[in-house]
> 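Just dropping this structure here.
Sequential numbering from 1 along the given sequence is applied to the chain's residues.
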Amino acid sequence: MCVAGILAIAAGCNSGQKKDKEQEKTMKFDATTLSEEPVLDIKTDLGTIKVKLYKETPLHRDNFVKLASEGYYDGLLFHRVINGFMIQAGDPLTKDPSKSAQYGTGGPGYTIPAEIVPGFTHKKGALAAARRGDAANPKKESSGSQFYIVQDANTCSQLDGQYTVFGETVSGFDVIDKIAAVETDGRDKPVKDIHIISIRPEKPAAPEAPVAADEKAGE
């Protein structure tokens, strides 16, 4: 009986270790190594949008980083694009073309408490969380995964104080414009799919090669 029990425990430990290793393999990057205001590259079919996440909105920052590290966003579509307004993505249902009528309704099964910070406005390139309307969502809780990026600050200014802005674009404003300019159907979905290929931490710039002494002398 004791031997059987020990074997069962050992098998359980091995099973647990196997699961841990499998989980490690599926992680795309180690979120614990990122800075307080991480910079991430949103790689799309039309180019890369580099965004910085705000430390003042930690719930949204940590959730976005967690999902990105799990590869949650990889392969999802920009399912709502309005030129002169914004581009939206993050719905897991967009991986299934048969559910196109439901695009915009999917998520990870939870919401995030609002973190609306005065001063974080809908400027061009602002990264903000999508959410359900006020009638069904009086606390303005954010979607667990859907987000949008502002293309036009003037038309999006009406959203200030109503949605959580949790980051901003650092570079790739031209990519935002390219995505916004694509042809869309009657539901604002791009006619030709535009994917998020991946969301990963920015790669550090390669260090400059040291200049040899003889090269300096020849200057």
Side-chain angles (χ1 to χ4, degrees), residues 16-17 19-79 86-92 94-95 106-131 140-151 163-176 179 194-208:
Q17 291 172 354
K19 287 181 179 179
D20 289 341
K21 288 181 179 179
E22 289 176 351
Q23 186 174 8
E24 287 177 4
K25 288 180 181 178
T26 60
M27 299 300 285
K28 306 303 180 181
F29 60 88
D30 184 357
T32 64
T33 63
L34 302 186
S35 67
E36 193 176 23
E37 290 195 312
V39 177
L40 303 175
D41 288 336
I42 302 176
K43 186 178 180 182
T44 79
D45 292 327
L46 297 182
T48 298
I49 304 169
K50 189 184 296 289
V51 297
K52 179 181 74 172
L53 307 185
Y54 296 142
K55 62 184 178 182
E56 292 87 351
T57 52
L59 299 179
H60 286 73
R61 174 199 62 193
D62 293 350
N63 179 70
F64 192 81
V65 167
K66 173 183 176 294
L67 294 179
S69 71
E70 295 170 350
Y72 181 96
Y73 290 114
D74 297 4
L76 301 190
L77 302 179
F78 281 91
H79 64 274
M86 59 89 228
I87 58 177
Q88 184 171 334
D91 183 347
T94 61
K95 283 190 174 182
Y110 58 82
T111 56
I112 307 170
E115 293 181 296
I116 299 173
V117 179
F120 287 170
T121 62
H122 283 73
K123 62 184 180 181
K124 180 158 187 175
L127 175 65
R131 65 174 178 83
K140 296 179 171 54
E141 295 182 344
S142 301
S143 162
S145 61
Q146 290 192 47
F147 65 90
Y148 61 94
I149 301 175
V150 173
Q151 190 228 352
Y163 292 75
T164 296
V165 175
F166 64 98
E168 63 180 65
T169 296
V170 175
S171 66
F173 292 92
D174 60 323
V175 178
I176 298 173
I179 295 174
I194 302 173
H195 302 83
I196 292 176
I197 298 171
S198 64
I199 300 181
R200 303 286 187 271
E202 68 170 344
K203 292 183 179 179
E208 294 184 8

> Is the shortest heavy-atom distance from the side chain of Arg200 to the side chain of Asp41 under 4.5 Å?
no
> If we ignore hydrogens and angles and just use 3.5 Å, is the side chain of Ser69 paired with the main-chain N or O of Met27 as donor and acceptor?
no
> Could you grab the distance from atom CG of Leu53 to atom CG of Leu40, nearest 0.5 Å is fine?
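Nearest 0.5 Å value for the CG-CG distance: 5.0 Å.
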> Just verifying a value: how many Å separate Leu127 CG and Ile49 CD1, rounded to the nearest 0.5 Å?
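Nearest 0.5 Å value for the CG-CD1 distance: 9.5 Å.
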> I'd like to check Val39 versus Lys50 (side-chain heavy atoms, cut-off strictly below 4.5 Å). Are they in contact?
yes
> Is a donor on one side and an acceptor on the other found under 3.5 Å between the side chain of Tyr72 and the backbone of Lys66?
no
> Just verifying a value: how many Å separate Phe64 CZ and Phe147 CZ, rounded to the nearest 0.5 Å?
4.5 Å
> Taking the side chain from Gln88 and the backbone from Tyr148, do they hold a donor-acceptor pair closer than 3.5 Å?
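Side chain of Gln88 to backbone of Tyr148, a donor-acceptor pair under 3.5 Å: no, none is there.
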> Just wondering, do Lys123 and Val150 contact through their side chains at under 4.5 Å, heavy atoms?
no
> Holding to side chain to side chain donor-acceptor pair (under 3.5 Å), I want the full list of residues that pass it with Asp174, two or more places apart in sequence or in another chain.
none
> Roughly how far, to the nearest 0.5 Å, is the OG1 atom of Thr48 from the CD1 atom of Ile197?
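Rounded to the nearest 0.5 Å, the CD1-OG1 separation comes to 7.5 Å.
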> Could you measure the distance from the CD1 atom of Ile149 to the CE atom of Met86? Nearest 0.5 Å is fine.
10.5 Å
> Can you tell me how far the CD1 atom of Ile196 sits from the OH atom of Tyr73, to the nearest 0.5 Å?
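Rounded to the nearest 0.5 Å, the CD1-OH separation comes out at 7.5 Å.
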> Counting distance only, does the side-chain N/O of Lys95 pair as donor-acceptor with the main-chain N or O of Asp74 below 3.5 Å?
yes
> May I ask you to decide if Gly106's main-chain N or O and Gln146's side chain share a donor-acceptor pair within less than 3.5 Å?
yes
> Please answer whether the main-chain N or O of Glu36 pairs with a side-chain N or O of Arg61 as donor and acceptor at a distance below 3.5 Å.
yes
> Do Asn63 and Leu67 come within less than 4.5 Å of each other through their side chains, counting heavy atoms only?
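Sidechains of Leu67 and Asn63: in contact.
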> Evaluate the side-chain contact (heavy atoms from CB on, under 4.5 Å) criterion for residues Glu56 and Glu37: first the C-alpha distance (whole Å), next the side-chain angles of each, then the deciding distance (0.1 Å), finally the verdict.
CA-CA 9 Å; Glu56 292 87 351; Glu37 290 195 312; 3.7 Å; yes
> With a 4.5 Å limit on heavy-atom distance, are the side chains of Phe29 and Val65 in contact?
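Yes; the side chains approach each other to less than 4.5 Å.
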> Give me the atom names and distance for the closest heavy-atom approach of Thr121 to Ala126.
O-CB, 3.6 Å
> Of all heavy-atom pairs between Pro108 and Ser145, which one has the smallest distance, and what is that distance?
CD-OG, 3.4 Å
> Under 6.0 Å from the NZ atom of Lys43, do we count more than 12 heavy atoms belonging to anything else shown?
no
> Measure across Ile116 and Pro118 and return the closest heavy-atom pair with its distance rounded to 0.1 Å.
O-CD, 3.7 Å
> According to ring-ring contact (aromatic ring centres under 6.0 Å, His included), who are the partners of His60, at least two apart in sequence or on a separate chain?
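Per chain and number, His60 pairs via ring-ring contact (aromatic ring centres under 6.0 Å, His included) with Phe166.
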> Looking at every heavy atom in both Leu76 and Pro92, which two are closest together, and how far apart are they?
CD2-CA, 3.7 Å
> Work out which heavy atom in Thr94 is nearest to a heavy atom in Asp91; give both atom names and the distance.
OG1-O, 2.7 Å
> Could you pull out all residues at least two apart from Glu115 that satisfy salt bridge (Lys or Arg N to Asp or Glu O under 4.0 Å)?
none
> Which atom names give the shortest non-hydrogen contact between Ala114 and Lys140, and what distance separates them?
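Heavy atoms only, the tightest pair is CB-O, 3.3 Å.
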